[in-house]
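One structure below.
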Amino acid sequence: ELLSAGAAGSSKGPITLQAVDGSQRPAQISLRALKDETEAHMCAVVTDLSGPQAVAAQLRAALAEKELLLREVHHRVKNNLQIVSSLLRLQAENISDERVSAAVHDSQNRIRALALVHEQLYRSESLAHIDIGEYLQNIATSVWRSLSMRGSPIRLVSEVINGISINIDQAIALGLIVTELVSNSVKHAFPTGTAQGTISLRVRQENAVLHVEVADNGIGMPPQINAGGGSLGMQLVHGLCRQIGATLSFGEGPGTTVVIKVPMSKPEA
Ligand SMILES: Nc1ncnc2c1ncn2[C@@H]1O[C@H](COP(=O)(O)OP(=O)(O)OP(=O)(O)O)[C@@H](O)[C@H]1O
Ligand SMILES: [Mg+2]
């Protein structure tokens with residue numbers, strides 16, 4: 001079939017080559033008819049598809065497929081975490097004890113922070129790094145929105161440098177840290193309500209150190225909490241900082257300023 005099509009003009013198709021040792025290799029043959037006034041010839045080009053170029057093409061295809069699958073996994077993990085988060089929200093709505101309901105609500109926010117990592121990853125170009133400014137801003141907004149009362153006068157402002165890439169482990173830890181710090185500012189900084197209540201998030205990079213700052217102009221944190229006390233929330237913050245090799249410090253009052261400095265690990269390509 002290939003031959004008669006080739007004789008009529010040109011043809012191309014898969015064939016199998018057999019080596020002297022009997023092993024078989026995939027190949028492709030291209031045939032083209034060449035005619036001059038007196039004679040008809042046929043030109044045949046056989047390409048060994050097991051050569052380095054062919055292997056490279058196969059690798060590229062495999063890599064693209066892997067990326068697609070990974071994106072799909074991130075999408076599903078995000079959807080599943082979102083379901084868990086919704087379940088917790090529904091549960092919180094049906095609990096009459098306010099303290100229990102608030103605790104369930106906090107868990108919902110912590111899970112939402114995790115879901116956001118996967119959401120941002122499957123949307124982004126790189127599957128290994130995350131734009132940390134964009135991510136933390138999304139988290140701060142989501143926590144602030146979920147905890148502020150309707151018509152709450154507390155504002156959230158952010159000064160975030162975009163385009164800073166960070167690895168996923170560090171991003172997840174920072175997401176949880178920002179969740180705790182913004183929750184604290186909303187819940188504790190303005191007990192009497194204030195018209196000028198502002199929470200701010202700042203993210204920037206200095207040399208190879210990422211600076212993340214969460215501040216509010218509220219009543220300030222009690223000194224024993226600065227010293228490392230606190231309940232689950234602040235303990236989580238300290239533990240996560242240790243985990244990613246970050247340092248935590250408190251700025252001058254009034255209000256509360258928490259500064260986290262993270263040494264940025266070299267991106268692994
Ligand atoms: N931004 C803030 N302004 C004023 N007080 C704060 C602030 N952040 C924390 N605090 C005080 O520090 C305490 C400890 O905070 P921590 O986050 O550890 O616990 P929590 O918020 O009470 O409970 P959770 O474990 O749910 O976070 C709070 O109860 C509050 O009194
Ligand atoms: Mg807290």
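The nearest pair of heavy atoms linking Ala246 to Pro263 is CA-CD, 4.3 Å. Taking both residues in full, the closest heavy atoms of Ser101 and Ala92 are given as OG-O, 3.5 Å, listed atom of the first, atom of the second, then distance. When all heavy atoms are compared, the tightest approach of Leu49 to Gln28 is CG-N, 4.1 Å. Between Ile139 and Leu116, the shortest heavy-atom distance links the atoms CG1-CD1, 3.5 Å. In terms of heavy-atom proximity, Ser158 sits nearest to Gln137 at OG-NE2, 3.2 Å. In this structure, Tyr122 and Arg71 approach most closely via the heavy-atom pair O-NH1, 3.3 Å.
The number of heavy atoms from other shown groups lying within 6.0 Å of CZ (Arg202) is above 12. Counting non-hydrogen atoms of neighbouring residues, nucleotides and ligands closer than 6.0 angstrom, the CD atom of Glu1 reaches no more than 12 such neighbours.
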Side-chain donor-acceptor pairs of residues 248-259 under 3.5 Å, sequence neighbours excluded:
| unit_1 | atom_1 | unit_2 | atom_2 | d |
| --- | --- | --- | --- | --- |
| Thr256 | OG1 | Met221 | N | 3.2 |

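Inter-residue side-chain proximity for Leu114 and Ile172 is flagged as met; some heavy-atom pair is nearer than 4.5 Å. By the 4.5 Å heavy-atom criterion applied to side chains, Val178 and Leu181 are not counted as neighbours. Between Leu63 and Arg60 there is no side-chain heavy-atom pair separated by less than 4.5 Å. Put simply, the side chain of Asn162 reaches to within 4.5 Å of the side chain of Glu134, judged on heavy atoms. By the 4.5 Å heavy-atom criterion applied to side chains, Val203 and Ile132 are counted as neighbours. The shortest side-chain heavy-atom distance between Asn138 and Glu119 does not fall under the 4.5 Å cut-off.
Cluster partners of Leu232 are absent, since no Ile, Leu, Val, Met, Phe, Trp or Tyr has side-chain heavy atoms less than 4.5 Å from it. Hydrophobic cluster membership for Leu17: Leu2, Leu3, Ile15, Ile29, Leu31, Met42, Val46 (Ile, Leu, Val, Met, Phe, Trp, Tyr linked by side-chain heavy atoms under 4.5 Å, directly or transitively). Other cluster members for Leu90: none, since no ILVMFWY side-chain heavy atom sits under 4.5 Å from it.
Residue pairs meeting the salt bridge (Lys or Arg N to Asp or Glu O under 4.0 Å) criterion with at least one member in residues 93-106, sequence neighbours excluded, are Arg89-Glu93, Asp106-Lys187. Applying the side-chain hydrogen bond (donor to acceptor under 3.5 Å, both in side chains) definition to pairs two or more places apart or across chains, those involving residues 174-186 are Arg110-Glu180, Ser185-Asp216.
Rounded to the nearest 0.5 angstrom, Lys261 NZ and Glu213 CD are separated by 9.5 Å. To the nearest 0.5 Å, the span separating CD1 on Ile260 from CG on Leu174 amounts to 7.0 Å. The structure places NE2 of His238 at 4.5 Å from CE of Met234, a figure rounded to the nearest 0.5 Å. The structure places CD of Gln170 at 12.0 Å from CD1 of Ile130, a figure rounded to the nearest 0.5 Å. Once rounded to the nearest 0.5 Å, the distance linking CG of Leu136 with CD1 of Ile164 reads 9.5 Å. With rounding to the nearest 0.5 angstrom, the CG atom of Leu88 is 6.0 Å from the OG atom of Ser107.
Criterion: ILVMFWY side-chain heavy atoms under 4.5 Å apart, direct or through other members. Under it, Leu87 and Val100 are not part of a common hydrophobic cluster. Hydrophobic clustering, with ILVMFWY side chains joined whenever heavy atoms are under 4.5 angstrom apart, keeps Ile83 apart from Val73. Under a hydrophobic clustering in which Ile, Leu, Val, Met, Phe, Trp and Tyr are joined whenever their side-chain heavy atoms come within less than 4.5 Å, directly or via other members, Val212 and Val157 fall into different clusters. The hydrophobic cluster containing Ile219 does not contain Leu147, counting ILVMFWY residues as joined when their side-chain heavy atoms lie under 4.5 angstrom apart, directly or transitively.
Contacts of His105 classified as ring-ring contact (aromatic ring centres under 6.0 Å, His included), with partners at least two apart in sequence or in another chain: none. Contacts of His211 classified as ring-ring contact (aromatic ring centres under 6.0 Å, His included), with partners at least two apart in sequence or in another chain: none. Listed by chain and residue number, nothing satisfies the salt bridge (charged side-chain N to carboxylate O under 4.0 Å, His left out) test with Asp169 (two or more places apart in sequence, or in another chain). Take Arg145 and apply the salt bridge (charged side-chain N to carboxylate O under 4.0 Å, His left out) test, not counting sequence neighbours, and it matches no residue. Taking His188 as the reference, nothing meets the ring-ring contact (aromatic ring centres under 6.0 Å, His included) condition, with sequence neighbours excluded. Not a single ring-ring contact (aromatic ring centres under 6.0 Å, His included) links Phe190 to another residue, sequence neighbours left out.
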- For Val186 and Ile199, what are the C-alpha separation, side-chain angles and deciding distance, and is it a side chain to side chain contact (heavy atoms under 4.5 Å, CB included)? CA-CA 8 Å; Val186 177; Ile199 301 169; 3.5 Å; yes
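Side chain of Ser124 to backbone of Ser126: a donor-acceptor contact under 3.5 angstrom is found. Between the Ser148 side chain and the Trp144 main chain, a donor and an acceptor come within less than 3.5 Å of each other. In this structure a side-chain-to-backbone donor-acceptor pair under 3.5 Å is missing from Arg155 to Thr198. A donor-acceptor pair is defined here as one N or O able to donate and one able to accept, closer than 3.5 Å; no such pair exists between the side chain of Asp48 and the backbone of Arg25. No donor-acceptor distance shorter than 3.5 angstrom exists from the side chain of Asn207 to the backbone of Val209, with no hydrogens or angles considered. Judged by distance alone, with hydrogens and angles left aside, the side-chain atoms of Asp131 form a donor-acceptor pair with the main-chain N or O of Gly163 at under 3.5 Å. A donor-acceptor contact shorter than 3.5 Å is absent between the side chain of Ser85 and the backbone of Leu81.
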